[in-house]
Amino acid sequence: MEALPSPRVNSAKLPQFVGKTVRLTCKVLRFSADTATVLACDGGEVIVHLPRDSPALDTFVEVVGNVLDATTIKMLSCINMGQDIDLKLVNDTVELIHDPRFYSRMFQPAS
């Protein structure tokens with residue numbers, strides 16, 4: 001079984017990926033019950049629905065999850081990224097990934 005791509009996104013790109021699996025590098029701002037509010041690398045806030053057995057989260061994480069709507073992700077897994085990340089650099093990388101000159105080379109199936 002071939003793994004489906006999970007492109008890195010920022011909050012502005014979420015509406016383009018509703019129903020798809022993505023990766024969102026972000027800063028955890030606050031928790032409430034079964035959700036977390038995070039700051040995406042482009043400065044937008046995103047709500048993350050956490051699984052019941054969600055691990056403890058570092059200050060910075062990469063959420064892998066399904067996009068439910070323009071501001072909400074359902075977490076499938078999470079990669080702790082530590083206490084210090086340059087979110088501007090992450091956002092610059094996301095923007096380069098989605099540049100039409102490069103995106104199709106990375107995320108289109110090989111013929």
Side-chain angles (χ1 to χ4, degrees):
M1 180 176 177
E2 187 175 329
L4 296 174
S6 53
R8 286 184 169 80
V9 297
N10 55 27
S11 67
K13 304 268 186 239
L14 286 179
Q16 300 169 34
F17 291 92
V18 172
K20 306 243 190 284
T21 302
V22 298
R23 294 173 176 268
L24 180 74
T25 302
C26 52
K27 179 179 183 179
V28 178
L29 298 176
R30 59 190 167 275
F31 291 97
S32 63
D34 60 349
T35 64
T37 302
V38 300
L39 182 69
C41 59
D42 63 347
E45 288 192 10
V46 176
I47 303 299
V48 178
H49 289 268
L50 305 170
R52 290 178 198 216
D53 57 349
S54 178
L57 302 179
D58 285 349
T59 302
F60 292 92
V61 296
E62 182 173 71
V63 174
V64 180
N66 292 324
V67 179
L68 300 179
D69 61 42
T71 61
T72 312
I73 294 177
K74 180 181 178 185
M75 181 193 292
L76 299 173
S77 65
C78 180
I79 300 163
N80 281 318
M81 305 290 280
Q83 304 303 316
D84 187 30
I85 287 186
D86 183 344
L87 287 180
K88 182 188 179 322
L89 182 60
V90 172
N91 192 59
D92 290 346
T93 303
V94 168
E95 291 298 332
L96 274 174
I97 289 169
H98 290 275
D99 183 307
R101 296 175 293 169
F102 310 117
Y103 188 82
S104 63
R105 293 180 185 181
M106 288 186 270
F107 296 108
Q108 297 303 321
S111 332

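All residue numbers refer to positions in the sequence shown, counting from 1.
Atom CE in Met75 sits 10.5 Å away from atom OG1 in Thr35 (nearest 0.5 Å). Of the inter-residue distances, the one linking Thr59 atom OG1 with Leu29 atom CG reads 10.5 Å to the nearest 0.5 angstrom. The CD atom of Glu95 sits 5.0 Å away from atom CG of Asn10, with the distance rounded to the nearest 0.5 Å. Distance check, rounded to the nearest 0.5 Å: CG of Leu87 to OG1 of Thr93 gives 11.0 Å. Between Asn91 atom CG and Cys41 atom SG the span is 4.0 Å, to the nearest 0.5 Å. Once rounded to the nearest 0.5 Å, the distance linking OG1 of Thr21 with CG of Asn66 reads 4.0 Å.
With hydrophobic clusters built from ILVMFWY side chains whose heavy atoms lie under 4.5 angstrom apart, Met81 does not share a cluster with Val9. A single hydrophobic cluster is seen to contain both Val48 and Val18, as judged by linkage of ILVMFWY side chains at heavy-atom distances under 4.5 Å, directly or through other members. Val64 and Ile85 fall into different hydrophobic clusters, where Ile, Leu, Val, Met, Phe, Trp and Tyr are joined by side-chain heavy atoms under 4.5 Å apart, directly or via other members. Hydrophobic clustering keeps Phe17 apart from Leu68 (ILVMFWY residues linked when any side-chain heavy atoms are closer than 4.5 Å, directly or through intermediates). With hydrophobic clusters built from ILVMFWY side chains whose heavy atoms lie under 4.5 angstrom apart, Leu57 shares a cluster with Ile73.
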Q | Derivation of the side-chain contact (heavy atoms from CB on, under 4.5 Å) call for Val67 and Lys74 | A | CA-CA 6 Å; Val67 179; Lys74 180 181 178 185; over 6 Å; no
Q | side-chain contact (heavy atoms from CB on, under 4.5 Å) evaluation trace for Val22 with Ser6 | A | CA-CA 4 Å; Val22 298; Ser6 53; 5.7 Å; no
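Considering all non-hydrogen atoms of both residues, Ser11 and Gly44 come closest at OG-CA, 3.4 Å. Heavy atoms only, all atoms of each residue included: Cys26 and Ala40 are closest at CB-CA, 4.1 Å.
In this structure, the side chain of Ser54 does not engage the main chain of Leu50 through any donor-acceptor pair within 3.5 Å. The backbone N or O of Ala12 sits less than 3.5 Å from a side-chain atom of Asp42, completing a donor-acceptor pair.
Put simply, the side chain of Leu24 reaches to within 4.5 Å of the side chain of Val46, judged on heavy atoms.
The pair Asp99-Arg101 meets the salt-bridge criterion, since a charged nitrogen lies less than 4.0 angstrom from a carboxylate oxygen. Between Arg30 and Glu45 there is a salt bridge, since a side-chain N of the basic residue sits under 4.0 Å from a carboxylate O of the acidic one.
With side-chain heavy atoms closer than 4.5 Å counting as contact, directly or through intermediates, Ile47 stands alone and belongs to no larger hydrophobic cluster.
Screening residues 29-83 for ring pair (Phe, Tyr, Trp, His ring centres under 6.0 Å), with sequence neighbours left out, gives no hits. Pairs passing the salt bridge (charged side-chain N to carboxylate O under 4.0 Å, His left out) check and including a residue from residues 46-70, sequence neighbours excluded, read Arg8-Glu62, Arg23-Glu62.
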